[in-house]
Amino acid sequence: MAELETYRRYLKQHLSAKRYAHSVNVAAASYALAKRFGGTDPETARFAGLVHDICKEAPKDVQYTLMMRSNLAVCAEERRSYKVWHGIAGAELLREKFQVADLDVLRAVRFHTVGRAGMSSLEKIVYLADMISKERDYPDVETMREKAAQSLEEGMHYALSYSLQKLVKRNAYIPCHTLEAYNEMLTRLQKQEK
């Protein structure tokens, strides 16, 4: 993995100042969550958080091309949902352009918008960090931050529930990965309660 400065320069050139600031905030939140919960190297979490939106502002055709070249499973609902392309495209860009070979990092970037069943600690950390980064100010963000501070499992369950409700309200497609992730988190939490 190249030095973080290489990625910072690339991000500054390809993202707006607002999106770059968000990326830096997600990197900080990812680092903090990794330190708090363990299970992943904090520096790896910082890196994955920093680059999670590397393709967020790339042209739609570029995102689509990268997504279609991805060797990580892309469901039909994702192909219909432009808002999630950047995660898939970002993972592919990191693999192709920067030769990032760490599958955990690539999956953390690829699934940071939709989640999936069987997420690693790093994947959960980046997913949650993206939702709780310090500039976020949506109505439920404080509750989201509290849940994420309790545990990765509690945070993920709450975050996935929130995302599903938002998708339903928007009458948007729901990726199968998101449903599978939600069902898995719900099953885990129900087992803990018994």
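Keep in mind that the numbers below use all heavy atoms, side chains included, and drop hydrogens, waters and symmetry copies. Everything numeric here is computed off the predicted structure, so don't read it as measured data. FYI, the numbering just counts along the sequence from 1.
The side-chain heavy atoms of R145 and R136, taken from C-beta on, include a pair separated by under 4.5 Å. Counting only heavy atoms from C-beta outward, the side chains of Y158 and E146 never approach each other to under 4.5 Å. At a threshold of 4.5 Å between non-hydrogen side-chain atoms, the residues V84 and E77 do not count as touching.
To the nearest 0.5 Å, the span separating CD1 on I125 from CG on D104 amounts to 9.5 Å. Considering OG of S121 and CG of D41, their distance stands at 12.0 Å, rounded to 0.5 Å. Rounding to the nearest 0.5 Å places NE2 of H14 at 12.5 Å from CZ of R9. E57 CD to Q63 CD: the interatomic distance, rounded to the nearest 0.5 Å, is 9.5 Å.
Note: W85 and Y82 have perpendicular aromatic rings, judged against thresholds of 30 and 60 degrees for the angle between ring planes.
Taking every heavy atom of both residues into account, Y127 and A159 meet most closely at CE2-CB, 3.7 Å. Of all heavy-atom pairs spanning M156 and K124, the tightest one is CG-CG, 3.7 Å. The nearest pair of heavy atoms linking M131 to Y162 is CE-CD2, 3.7 Å. For A48 against V109, the heavy-atom pair with the smallest separation is O-CG2, 4.2 Å. Closest approach of A45 to T40, counting heavy atoms only: CB-CG2, 4.3 Å. Residue L11 comes nearest to L50 through the heavy atom pair CD1-O, 3.4 Å, listed as atom of the first residue, atom of the second, then distance.
Formation of a donor-acceptor pair under 3.5 Å by the S23 side chain with backbone atoms of R19 is found in this model. In this structure, the side chain of H157 does not engage the main chain of E153 through any donor-acceptor pair within 3.5 Å. No donor-acceptor pair closer than 3.5 Å links the side chain of D140 to the backbone N or O of T143. No donor-acceptor pair closer than 3.5 Å links the side chain of E154 to the backbone N or O of A148.
Within 6.0 Å of atom OH in Y20, more than 12 heavy atoms from other residues, nucleotides or ligands are found, so the atom counts as buried in its surroundings.
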Side chains of residues 29-38: which donor-acceptor pairs under 3.5 Å do they make with residues two or more places apart or in other chains?
{"from": "S30", "atom 1": "OG", "to": "V26", "atom 2": "O", "distance (Å)": "2.8"}
{"from": "R36", "atom 1": "NE", "to": "A149", "atom 2": "O", "distance (Å)": "2.8"}
{"from": "R36", "atom 1": "NH2", "to": "A149", "atom 2": "O", "distance (Å)": "2.8"}

Under 3.5 Å, sequence neighbours excluded: what are the donor-acceptor pairs made by side chains of residues 172-183?
{"from": "H177", "atom 1": "NE2", "to": "E78", "atom 2": "OE1", "distance (Å)": "3.4"}
{"from": "T178", "atom 1": "OG1", "to": "V114", "atom 2": "O", "distance (Å)": "2.8"}
{"from": "N183", "atom 1": "ND2", "to": "L179", "atom 2": "O", "distance (Å)": "3.3"}

Which donor-acceptor pairs under 3.5 Å do the side chains of residues 86-98 make with protein atoms, sequence neighbours left out?
{"from": "H86", "atom 1": "ND1", "to": "K83", "atom 2": "O", "distance (Å)": "3.1"}
{"from": "H86", "atom 1": "NE2", "to": "D53", "atom 2": "OD1", "distance (Å)": "3.1"}
{"from": "H86", "atom 1": "NE2", "to": "H112", "atom 2": "NE2", "distance (Å)": "3.2"}
{"from": "E92", "atom 1": "OE1", "to": "R95", "atom 2": "NE", "distance (Å)": "3.3"}
{"from": "E92", "atom 1": "OE2", "to": "R95", "atom 2": "NH2", "distance (Å)": "2.5"}
{"from": "E96", "atom 1": "OE1", "to": "R69", "atom 2": "NH2", "distance (Å)": "2.7"}
{"from": "E96", "atom 1": "OE2", "to": "R69", "atom 2": "NE", "distance (Å)": "2.8"}
{"from": "E96", "atom 1": "OE2", "to": "R69", "atom 2": "NH2", "distance (Å)": "3.4"}

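Between R107 and E123 there is no salt bridge, since none of the side-chain N atoms of the basic residue sits less than 4.0 Å from a carboxylate O of the acidic one.
F111 and L186 fall into different hydrophobic clusters, where Ile, Leu, Val, Met, Phe, Trp and Tyr side chains are chained together by heavy-atom contacts under 4.5 Å. Transitive grouping of hydrophobic side chains (ILVMFWY, heavy atoms separated by less than 4.5 Å) keeps I54 and M68 in distinct clusters. No single ILVMFWY cluster, assembled from side-chain heavy atoms under 4.5 Å apart, contains both V74 and V62. The cluster map of Ile, Leu, Val, Met, Phe, Trp and Tyr, joined by side-chain heavy atoms under 4.5 Å apart, puts V105 and M119 in different clusters. Under a hydrophobic clustering in which Ile, Leu, Val, Met, Phe, Trp and Tyr are joined whenever their side-chain heavy atoms come within less than 4.5 Å, directly or via other members, V24 and Y10 fall into the same cluster.
Checked against the 6.0 Å centroid threshold, Y7 and F47 count as a close aromatic pair.
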Checking side chain to side chain contact (heavy atoms under 4.5 Å, CB included) for the pair H52/H22: CA distance, chi angles, key distance, verdict? CA-CA 10 Å; H52 81 287; H22 167 69; 3.2 Å; yes

List the steps and the verdict of side chain to side chain contact (heavy atoms under 4.5 Å, CB included) for V168 and Q165. CA-CA 5 Å; V168 169; Q165 290 171 35; 5.8 Å; no

Test side chain to side chain contact (heavy atoms under 4.5 Å, CB included) applied to K147 and L128, step by step: CA-CA 10 Å; K147 297 287 185 182; L128 288 172; over 6 Å; no

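Residues E135 and S133 have side chains that bring a donor and an acceptor to within less than 3.5 angstrom of each other.
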